[in-house]
Amino acid sequence: MKAWLSHAGVAFTTRNVDEDGSAYDALIATGFRTVPLTIIGGRTVVGYVPDALATALRAAGLVPNG
């Protein structure tokens, strides 16, 4: 996931639910219990789904359309 986002040129924040209790609490608050969970502009992508990630990035205006 990190490599894909880096390759796309997108800044991101990594939170490790195994090492950070507040990150775990934030994950649970989303209603999901699985990682990776990526939130982009209000859209949630569960798992590593490149097409869904790209769609969310475009919708948020973080990468050019096309």
Side-chain angles (χ1 to χ4, degrees):
M1 178 67 69
K2 292 188 269 185
W4 191 93
L5 290 169
S6 293
H7 185 266
V10 177
F12 58 90
T13 301
T14 300
R15 300 188 71 194
N16 187 324
V17 298
D18 290 329
E19 297 174 0
D20 179 351
S22 68
Y24 177 79
D25 293 341
L27 171 69
I28 297 304
T30 66
F32 295 98
R33 293 176 180 250
T34 188
V35 292
L37 179 75
T38 307
I39 301 171
I40 303 168
R43 291 178 183 231
T44 302
V45 179
V46 180
Y48 176 65
V49 186
D51 289 340
L53 292 165
T55 297
L57 289 171
R58 282 192 302 275
L62 297 173
V63 295
N65 289 324

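What you are looking at is a predicted structure, and each value in this text was computed from that prediction instead of being measured. Residue indices begin at 1 and follow the sequence shown.
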For residues 20-37, run the donor-acceptor check on the side chains, cut-off 3.5 Å, and write out each pair with its distance to 0.1 Å, sequence neighbours left out.
residue	atom	partner	partner atom	Å
D20	OD1	S22	N	2.9
D20	OD1	S22	OG	2.7
D20	OD1	A23	N	3.3
S22	OG	R15	NH2	3.2
T30	OG1	L27	O	2.5
T30	OG1	F32	N	3.2

Just distance, no hydrogens or angles: give the donor-acceptor pairs under 3.5 Å from side chains in residues 39-54, sequence neighbours left out.
none

Any chance you could measure F12, atom CZ, to L57, atom CG, to the nearest 0.5 Å?
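Answer rounded to 0.5 Å: 11.5 Å.
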
Please tell me whether M1 and L62 are part of a single hydrophobic cluster in this structure, the criterion being side-chain heavy atoms less than 4.5 Å apart.
yes

